[in-house]
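Since the structure comes first, as structure tokens, the remarks are kept for the end.
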Amino acid sequence: MVRKKAKKKASAYHAHRERQRRRILDAAWKLFDERGIDRVTMAELTSASGVQPSTMYQYFSNKDEIVWAILGEVMQGGSGDAKQRLDDAPDALGRIAALFEAMADELTNNRVKVRFMAQFDAMYARDWPVERLLTLESQINPDTFQWFTALIREGIADGSLRSDLDPDLTMQAVINAVIGAQRRLASLGNKVELEYGQPIDRLFRETIRVLLLGLRAPETSARRPQRKQKSGKSLSRKRST
């Protein structure tokens, strides 16, 4: 009985801490998107989350830790979003297209998340070493880049991707191109739409369409429908009429 009560008490305490942590992160999501990460202070995060300063520092000692906690959630949540589409694709090109489509849907339906990642990129370039990000990636999804490189090799083998692609180089180039376009469009939003006269969703989908055209294997003569050749006799009749 004593052990049961102690276990129940520990579970309630753990649930309470999770709720407090969630309140802090939810408040940070909102403030970071509204004002920008650089402009938000720990005092403002504490006030917005409704916790006491002493409570805040039990969870996060500085703003950087909050940013990285949110990044971890983003990375964990993104891995399963496109799984069903990828499983349904007929070949490697189809799986890459499904992955890009999932990113297009993300831009449409979750711009707050994409804007956060754009802000993170700017701070990462300025403030943090690459080793910190590599460590987090290895903890959450260590095989992401290897999986994409293997997918390109698979596409070359199954004939859906160009045979002259370098899997490692292509993986790095494509990932940077797609992620860069997605985050820039989410960050600038209606300014891009006013500048170019196109909605950002349409601009992004055109970006991925063009990239897929560049990756796709050219049609071989075996795939192209053969034109029926007219006989010499019929041609001579046509000329004589």
Side-chain angles (χ1 to χ4, degrees), residues 18 21-22 24-42 44-45 49 56-83 86 95-96 98-107 109-153 166-189 200 204 207-208 211:
E18 283 299 309
R21 186 176 185 274
R22 185 74 265 150
I24 294 168
L25 293 179
D26 287 347
W29 268 108
K30 189 171 186 295
L31 283 181
F32 289 163
D33 191 56
E34 289 176 350
R35 301 183 52 197
I37 296 173
D38 281 341
R39 297 182 180 181
V40 177
T41 66
M42 281 292 281
E44 290 168 333
L45 289 168
S49 62
M56 168 67 84
Y57 287 98
Q58 290 177 26
Y59 295 88
F60 303 103
S61 60
N62 54 54
K63 187 172 66 176
D64 282 8
E65 290 185 0
I66 297 175
V67 172
W68 282 85
I70 292 175
L71 176 67
E73 290 188 343
V74 169
M75 292 174 67
Q76 285 178 325
S79 59
D81 289 346
K83 187 177 186 305
L86 294 175
R95 284 188 279 281
I96 294 173
L99 180 64
F100 290 173
E101 281 297 316
M103 294 180 69
D105 289 345
E106 186 178 64
L107 179 62
N109 302 319
N110 199 349
R111 291 185 190 176
V112 171
K113 172 184 170 182
V114 184
R115 284 194 294 264
F116 169 82
M117 291 304 299
Q119 290 192 70
F120 173 82
D121 281 351
M123 296 184 71
Y124 169 56
R126 184 188 66 207
D127 297 335
W128 297 310
V130 67
E131 289 79 13
R132 186 169 184 177
L133 182 58
L134 291 175
T135 298
L136 182 61
E137 288 175 342
S138 68
Q139 292 169 351
I140 294 174
N141 196 352
D143 300 324
T144 300
F145 294 146
Q146 293 88 338
W147 172 83
F148 199 86
T149 301
L151 186 57
I152 293 172
R153 289 197 179 97
D166 178 318
D168 290 309
L169 179 61
T170 299
M171 175 273 294
Q172 295 164 5
V174 168
I175 287 178
N176 278 286
V178 177
I179 289 177
Q182 184 204 44
R183 294 178 186 176
R184 182 179 190 273
L185 291 171
S187 297
L188 296 178
I200 64 173
F204 185 67
T207 299
I208 62 178
L211 278 170

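Hydrogens, waters and symmetry mates are skipped; everything else that's a heavy atom, side chains included, is used.
- The structure places CZ of Arg183 at 9.5 Å from NZ of Lys113, a figure rounded to the nearest 0.5 Å.
- Heavy atoms only, all atoms of each residue included: Gln119 and Gly36 are closest at OE1-CA, 3.2 Å.
- Side chains of Trp128 and Asp64 form a contact here, defined as non-hydrogen atoms less than 4.5 Å apart.
- By the 6.0 Å contact criterion, CZ on Arg39 is open, its count of non-hydrogen atoms from other residues, nucleotides or ligands being 12 or less.
- Taking 4.5 Å as the limit, some side-chain heavy atom of Phe145 sits within range of a side-chain heavy atom of Ile175.
- In this structure the side chain of Met123 reaches within 4.5 angstrom of the side chain of Asp38, judged on heavy atoms.
- Taking 4.5 Å as the limit, some side-chain heavy atom of Leu45 sits within range of a side-chain heavy atom of Phe32.
- Applying the ring-ring contact (aromatic ring centres under 6.0 Å, His included) rule to Phe116 yields the partners Trp29; only residues at least two apart in sequence or on another chain are considered.
- Rounding to the nearest 0.5 Å gives a distance of 3.5 Å between OG1 of Thr149 and CE of Met171.
- Checking side-chain atoms of Asn62 against main-chain N and O of Glu65 turns up a donor-acceptor pair under 3.5 Å.
- For the residue pair Trp147/Asn141, the side-chain donor-acceptor check at 3.5 Å is not satisfied.
- You'll find the side chain of Arg111 reaches within 4.5 Å of the side chain of Ile200, heavy atoms only.
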Which pairs would a plain distance check flag for residues 131-138, meaning a side-chain donor or acceptor within less than 3.5 Å of a matching protein atom at least two apart in sequence or in another chain?
unit_1	atom_1	unit_2	atom_2	d
Thr135	OG1	Glu131	O	2.8
Ser138	OG	Leu134	O	3.4
Ser138	OG	Thr135	O	2.6

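- The structure places CG of Leu31 at 11.0 Å from CG of Asp26, a figure rounded to the nearest 0.5 Å.
- Rounding to the nearest 0.5 Å places CG of Leu25 at 15.5 Å from NZ of Lys30.
- Of all non-hydrogen atoms in Ile152 and Pro167, the two that sit nearest each other are CD1-O, 3.7 Å.
- Between Met117 and Ile179 there is no side-chain heavy-atom pair separated by less than 4.5 Å.
- The pair Glu44-Lys63 does not meet the salt-bridge criterion, since no charged nitrogen lies less than 4.0 angstrom from a carboxylate oxygen.
- Atom CD1 of residue Ile70 and atom CD1 of residue Ile24 lie 11.0 Å apart, to the nearest 0.5 angstrom.
- Side-chain contact between Arg184 and Asp121: absent, with no pair of heavy atoms (C-beta onward) separated by less than 4.5 Å.
- Atoms CZ and CG, from Arg153 and Asp166 in turn, are 8.5 Å apart once rounded to the nearest 0.5 Å.
- No side-chain heavy atom of Leu71 sits under 4.5 Å from any side-chain heavy atom of Tyr124.
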Practice item. Please lay out, stage by stage, how Val114 and Met103 fare under the test side-chain contact (heavy atoms from CB on, under 4.5 Å). Key: CA-CA 9 Å; Val114 184; Met103 294 180 69; over 6 Å; no
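- The heavy-atom pair separating Met42 from Phe60 by the smallest distance is CE-O, 3.7 Å.
- Taking both residues in full, the closest heavy atoms of Ile140 and Gly72 are given as CD1-O, 3.6 Å, listed atom of the first, atom of the second, then distance.
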